[in-house]
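These numbers come from a predicted model, not from an experiment.
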Amino acid sequence: MAAASGFSAAVSGTGAAAEPFLCGGLRRVSASCPAFAAPSPSLSGVSALRRRGGVSRVGFPRCDTGSEQGGDTAVAASSRASSVSALEQLKTSAGDRYTKERSSIAVVGLSVHTTPVEMREKLAVPEANWPRAIAELCELYHIEEAAVLSTCNRMEIYVVALSWHRGITEVIGWMSKTSGIPASELQKHVFLLRDGDAIRHVFEVSSGLDSLVLGEGQILAQVKQVVRVGQGSGGLGKNIDRLFKDAITAGKRVRTETNISSGAVSVSSAAVELALMKLPSSHALSAKMLLIGAGKMGKLVIKHLAAKGCTKVVVVNRSEERVAAMREEMKDIEIIYMPLSEMLSCAAEADVIFTSTSSETPLFVKEQVEALPPVSEAVGGLRLFVDISVPRNVSSCVSEVKTARIYNVDDLKEVVEANKEDRLRKAMEAQAIITEELKRFEAWRDSLETVPTIKKLRSYADRIRVSELEKCLQKIGDDAMPKKVRRAVEDLSTGIVNKLLHGPLQHLRCDGSDSRNLDETLENMHALNRMFSLDTEKSVLEQKIKAKVEKAQR
């Protein structure tokens, strides 16, 4: 099943969530997910969020709504109406919709395997905007925690959804708002994964199994950055925080315990390989190389050029500091710095131009490239642009220039198709490690199920204690009991309750490290819920959703 059809099925309620494609051809089908057939009234809160504005990016279309023309008063009124509608639905929701449902870990994403770069660049969220994106996602009524992983190969949103159906719909609405892409268009490319499949996916991502180039190491550093940024924004929460930390552990184990990184290449090295493949073999190493951008990816480009035997590269960057550091580190290749103002004059002398910057507007457009002098026939007569940036640094209209050829990150598939069988074998070895880490995380998460029962049991016992204590005090009379005696009686009642609860609560505590203990703990939890009718109390999920809706009403 393709990713697009999987999403459509999830929306219509007729099938399973999409299956992401692993590098090397491995596929995995996610667990079936129920439908969220039609937007519920509670989702009108998404519209309110849209009016407040999403993560803005220069140069990309925004999805404007007519309500914006009505001024702040209309916006505020509409937002309040949305909140009231959501709260009313919560009050009248059928039966125990939330009491029977536990929060879900979900991932909504697009990757190089399912989505063209033209769409990925519209959805890309710069790292500087991750905290704002996380904050906006956590404001959605049914989203409790969130994290964003946006790289040149993927844009993925990880959430803890208090309601799977409504939470995912809210996230899709947020993505549509921030990108300006209609939800109907997004569903052709986006994939959805829930709980075990979502957990396995992030472990595979961290391990380099879902990368364009199997085993590439840069993604692990990017996953670590998600944790750093998320902790600073306050949106990670205990579930997503633990999920990404365990994903980092899985990624390290896969690289340490298998040879998946042996001979593996990064996106940068694949870009160098592709450029050299497109040049005449007799003049490949003598071609004039230009690099725009001196970030991490650019640095790797230079390293791989040097490894292939290139002796000189010109680097255009805003400042010379990073280029000077590269020059100190890499002595076997001549690195020449040029300021950004000299970019076009440097491009006029280059045969191959690598672009790797965070610019959100194109650095090269058709008119500029047409004005460049032709390159030598010795290197094929074509100026090569190898663009490994998302958003792209080279406008797609440059492809209309007869003397130029553009290659972007999607074109690197040509390089990584080599040694497909070997990659499959390494991926299978890594899956055993990922399965171990997956079981460990799920056991930890299962152990959290007992926390609401512990709280409800304590609350239940304390209500009885307080009620009986008040009856006792009324019979004795407040005037007849000194304060010291009153405190002693209160301490006595508290002590009796604590000692009675000690045994049951001990049997509800488990860290998830032992599967047998965990099973017994969950059995004890269900037994206590039945004996004390704790399930009849308002669910934790319902309380959280109600609190978010009421906060939005204020």
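- Between Glu334 and Val313, the closest side-chain pair of non-hydrogen atoms is not below 4.5 Å.
- Taking CD1 of Ile105 as the start and CG of Leu193 as the end, the distance is 12.5 Å to the nearest 0.5 Å.
- Looking only at distances, no side-chain donor or acceptor of Arg405 sits under 3.5 Å from a matching main-chain atom of Leu384.
- A salt bridge links Lys188 with Glu185: the closest approach of a Lys/Arg side-chain nitrogen to an acidic carboxylate oxygen falls below 4.0 angstrom.
- Proximity of the aromatic rings of Phe385 and Phe364 is defined here by a centroid distance below 6.0 angstrom, and this criterion is met.
- Checked by atom type and distance alone, the side chain of Arg255 pairs as donor or acceptor with a backbone atom of Glu216 at under 3.5 Å.
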**OP:** Decide yes or no on side-chain contact (heavy atoms from CB on, under 4.5 Å) for Met297 and Cys152, but give the supporting numbers first.
**Re:** CA-CA 10 Å; Met297 298 282 277; Cys152 62; 4.3 Å; yes
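- Residue Leu123 holds its CG atom at 12.5 Å from CD of Glu118, rounded to the nearest 0.5 Å.
- Between Asp246 atom CG and Ile434 atom CD1 the span is 12.5 Å, to the nearest 0.5 Å.
- Between Met155 and Arg120 there is no side-chain heavy-atom pair separated by less than 4.5 Å.
- The shortest heavy-atom contact between Val125 and Asn129 is CG1-CB, 3.8 Å.
- Atom-to-atom distance recorded for Glu273:CD and Leu276:CG is 6.5 Å, nearest 0.5 angstrom.
- Within the 3.5 Å criterion, the main-chain N or O of Val112 finds no donor-acceptor partner in the side chain of Thr115.
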**OP:** Could you please spell out the steps behind the side-chain contact (heavy atoms from CB on, under 4.5 Å) verdict for Asn153 and Val267?
**Re:** CA-CA 9 Å; Asn153 285 334; Val267 170; 3.6 Å; yes
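- With contacts defined as side-chain heavy-atom distances shorter than 4.5 Å, the pair Val148/Val226 does not qualify.
- More than 12 heavy atoms of other residues, nucleotides or ligands shown are found within 6.0 angstrom of CZ on Arg228.
- What you find for His304 and Ser268 is that their closest heavy atoms are CD2-C, 4.1 Å.
- Val301 and Val272 make their closest contact through O-CG2, 3.7 Å (heavy atoms, listed as atom of the first residue, atom of the second, distance).
- Dense packing is recorded around CZ of Arg253, with more than 12 heavy atoms of other residues, nucleotides or ligands lying under 6.0 Å away.
- When all heavy atoms of Val254 and Ser207 are compared, the closest pair comes out as CG2-OG, 3.4 Å.
- Here the CZ atom belonging to Arg242 is positioned 11.0 Å from the CD1 atom belonging to Ile199, to the nearest 0.5 angstrom.
- Residues Ile292 and Thr357 come closest through the heavy atom pair O-CG2, 3.4 Å.
- In terms of heavy atoms, Tyr141 sits closest to Leu162 at O-CD1, 4.1 Å.
- For the residue pair Arg194 / Ser104, a side-chain donor-acceptor distance below 3.5 Å is found, with atom types taken as modelled.
- At a cut-off of 3.5 Å, with distance as the only test, a side-chain donor of Ser345 or Glu342 sits close to an acceptor on the other residue.
- The closest donor-acceptor contact from the side chain of Arg383 to the backbone of Ala348 lies under 3.5 Å.
- For the residue pair Glu156 / His201, a side-chain donor-acceptor distance below 3.5 Å is found, with atom types taken as modelled.
- The shortest distance between side-chain heavy atoms of Val315 and Met338 does not fall below 4.5 Å.
- At least one donor-acceptor pair closer than 3.5 Å links the side chain of Gln368 to the backbone N or O of Val365.
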Original post:
Going through the checks in order, is the side-chain contact (heavy atoms from CB on, under 4.5 Å) test met by Ile333 and Met330?
Top reply: CA-CA 6 Å; Ile333 184 171; Met330 293 175 273; 4.2 Å; yes
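- With a 6.0 Å radius and a threshold of 12 heavy atoms from other residues, nucleotides or ligands, Glu320 has its CD atom above the threshold.
- Thr249 and Arg440 are not linked by any side-chain donor-acceptor pair at a separation below 3.5 angstrom, with hydrogens and angles left out of the test.
- Distance alone, capped at 3.5 Å, places no donor-acceptor pair between the Ser206 side chain and the Phe203 backbone.
- For the pair Val107 and Leu192, the minimum side-chain heavy-atom distance is 4.5 Å or more.
- At least one side-chain heavy atom of Leu279 sits less than 4.5 Å from a side-chain heavy atom of Val352.
- No salt bridge links Glu145 with Lys238; every basic N to acidic carboxylate O contact stays at or beyond 4.0 Å.
- Contact check for Glu360 versus Glu121: no side-chain heavy atoms found under the 4.5 Å cut-off.
- Ring centers of Phe191 and His113: at least 6.0 Å apart, outside the cut-off.
- The backbone N or O of Thr114 lies less than 3.5 Å from a partner atom in the side chain of His189, making a donor-acceptor pair.
- For the 3.5 Å distance criterion, the side chains of Thr258 and Glu429 fail to qualify, holding no donor opposite an acceptor.
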**OP:** Evaluate the criterion side-chain contact (heavy atoms from CB on, under 4.5 Å) for residue pair Asp351 and Met289; output intermediate values, then yes/no.
**Re:** CA-CA 6 Å; Asp351 301 320; Met289 303 290 181; over 6 Å; no
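- Distance alone, capped at 3.5 Å, places no donor-acceptor pair between the Ser176 side chain and the Ile172 backbone.
- With Asp387 contributing its side chain and Asn408 its backbone, the two residues share no donor-acceptor pair below 3.5 Å.
- Taking a cutoff of 4.0 Å between a charged side-chain nitrogen and a carboxylate oxygen, Glu349 and Lys288 do not qualify as a salt bridge.
- Ser359 and Asn393 share no side-chain donor-acceptor pair at under 3.5 Å.
- The CZ atom of Arg200 lies 10.0 Å from the CG atom of Leu209; values are rounded to the nearest 0.5 Å.
- Lys278 NZ: more than 12 foreign heavy atoms inside a 6.0 Å radius.
- Side-chain atoms of Leu236 and Phe244, non-hydrogen and from C-beta on, never get closer than 4.5 Å to each other.
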